[in-house]
Colleague: 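Below is a structure I'd like to ask you about.
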Amino acid sequence: MLVKCINSFRNQIRVESIYLVLEVLIKRTNNMISYRIIDEDGYPAIYDADNFIIVSNNMNHFSIFLDNKMLILSHTLILNSELNKKHIEGFWGLFIEDDTEARTLLQKVIDNLVLEENISSAILN
């Protein structure tokens with residue numbers, strides 16, 4: 001899934017820039033939608049979906065996770081990863097802690113999504 005920024009947020013996301021969506025997060029209490037993207041700082045951060053328009057809605061290789069608070073659409077490699085079971089905050093908790101295995105897996109996911117979208121990673125950001 002690709003989105004184009006329509007509302008910048010500081011220097012972290014910029015109007016007209018295209019971003020690869022790593023996850024779609026929907027809060028169950030208020031149906032608020034957010035995207036986890038790689039922002040201008042090169043970090044996989046979460047931003048309100050209202051800041052973007054969808055350019056491509058390709059969701060191949062995404063799976064659904066549902067808990068009491070949130071519905072998450074994420075790449076199957078992340079959701080099915082053993083890393084989700086190793087940390088209380090799952091894959092993203094390990095990623096934040098600079099876990100090498102998590103960073104390697106994220107790069108594999110990005111490479112897969114770029115290939116699926118048939119784009120060069122150079123057009124992102």
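As the structure is a computational prediction, the values presented were derived from the model and not from experiment. For this chain, numbers begin at 1 and follow the sequence in order.
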Colleague: With heavy-atom distances below 4.5 Å as the criterion, would you say the side chains of Leu73 and Met1 are in contact?
Modeller: no

Colleague: Would you mind reporting whether Tyr35 and Tyr19 have side-chain heavy atoms less than 4.5 Å apart?
Modeller: no

Colleague: Using the rule that Ile, Leu, Val, Met, Phe, Trp and Tyr join whenever any side-chain heavy atoms are under 4.5 Å apart, tell me whether Ile96 and Tyr47 fall into a single cluster.
Modeller: yes

Colleague: Please report the closest heavy-atom contact between Arg36 and Glu23, naming both atoms and the distance.
Modeller: NE-OE1, 2.7 Å

Colleague: Drop me the distance from Ile78's CD1 to Lys108's NZ, to the nearest 0.5 angstrom.
Modeller: 11.5 Å

Colleague: Got Asp50 and Asn7 here, is their nearest side-chain heavy-atom distance under 4.5 Å?
Modeller: no

Colleague: For Val15 and Ser8, work out which heavy atoms get closest and say how close.
Modeller: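 That closest heavy-atom pairing would be CG2-N, 3.5 Å.
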
Colleague: State which residue, out of Thr104, Leu105, Asp111, fulfils the side-chain contact (heavy atoms from CB on, under 4.5 Å) condition with Gln107.
Modeller: Asp111

Colleague: Please report the shortest heavy-atom distance between Asn11 and Glu40, naming the atom on each side.
Modeller: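 Reported closest heavy-atom pair: O-CB, 3.3 Å.
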
Colleague: Please give me the minimum heavy-atom distance between Phe62 and Leu22, naming the atom from each residue.
Modeller: CE2-O, 3.5 Å

Colleague: Please say whether more than 12 non-hydrogen atoms of neighbouring residues, nucleotides or ligands are located less than 6.0 Å from CG in Asn30.
Modeller: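 Yes, CG of Asn30 has more than 12 neighbouring heavy atoms, counting only those of other groups under 6.0 Å.
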
Colleague: As an exercise, state the distance from CD1 of Ile110 to CD1 of Ile38, rounded to the nearest 0.5 Å.
Modeller: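 CD1 of Ile38 is found 4.0 Å from CD1 of Ile110.
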
Colleague: Indicate, with yes or no, if Ile37 and Ile6 share a hydrophobic cluster defined by side-chain heavy-atom contacts under 4.5 Å among Ile, Leu, Val, Met, Phe, Trp and Tyr.
Modeller: no

Colleague: Which distance, rounded to the nearest 0.5 Å, do you find between the CD1 of Ile13 and the SG of Cys5?
Modeller: 4.0 Å

Colleague: Nearest 0.5 Å please: distance from the CG atom of Asn57 over to the CG atom of Asn60.
Modeller: 10.0 Å

Colleague: Taking the side chain as every heavy atom from C-beta outward, state whether Val21 and Phe52 have any pair of such atoms under 4.5 Å apart.
Modeller: no

Colleague: How long is the gap from CD1 on Ile18 to CG on Leu20, to the nearest 0.5 Å?
Modeller: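 Spacing of CD1 (Ile18) from CG (Leu20) equals 11.0 Å.
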
Colleague: Could you check if a side-chain atom of Ile53 sits within less than 4.5 angstrom of a side-chain atom of Val3, using non-hydrogen atoms only?
Modeller: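 A side-chain contact is absent here, since even the closest heavy-atom pair is not under 4.5 Å.
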
Colleague: Do you reckon Leu25 sits in the same ILVMFWY cluster as Trp92, going by side-chain contacts under 4.5 Å, direct or chained?
Modeller: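 No, because Leu25 and Trp92 fall into different hydrophobic clusters, even though each may have its own neighbours under 4.5 Å.
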
Colleague: Can you give me the closest heavy-atom contact between His75 and Leu113, atom names plus distance?
Modeller: CD2-CD2, 3.6 Å

Colleague: What's the shortest heavy-atom distance between Asp48 and Ile33, and which atoms?
Modeller: OD1-O, 3.5 Å

Colleague: What I'd like to find out is whether the side chain of Val109 reaches to under 4.5 Å of the side chain of His61, using heavy atoms alone.
Modeller: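 Side chain of Val109 against side chain of His61, heavy atoms only: no contact under 4.5 Å found.
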
Colleague: Is there a donor-acceptor contact under 3.5 Å from the side chain of Asn84 to the main chain of Phe91?
Modeller: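 Checking the backbone N and O of Phe91 against the side chain of Asn84, a donor-acceptor pair under 3.5 Å is found.
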
Colleague: Same cluster or not: Ile72 versus Met59, using hydrophobic residues (I, L, V, M, F, W, Y) connected whenever any side-chain heavy atoms lie under 4.5 Å apart?
Modeller: no

Colleague: Tell me, do Glu16 and Lys4 make a side-chain contact under 4.5 Å, heavy atoms counted?
Modeller: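 The answer is yes; the side chains approach within 4.5 Å.
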
Colleague: Give the cluster check for Ile54 versus Ile64: same hydrophobic cluster or not, with ILVMFWY residues linked at side-chain heavy-atom distances below 4.5 Å.
Modeller: yes

Colleague: Testing the 3.5 Å rule here: is there a donor-acceptor pair between the side chains of Asn112 and Glu116?
Modeller: no

Colleague: Between atom OG of Ser34 and atom CD1 of Ile46, what is the distance when rounded to the nearest 0.5 Å?
Modeller: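 It is 6.5 Å, given to the nearest 0.5 Å.
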
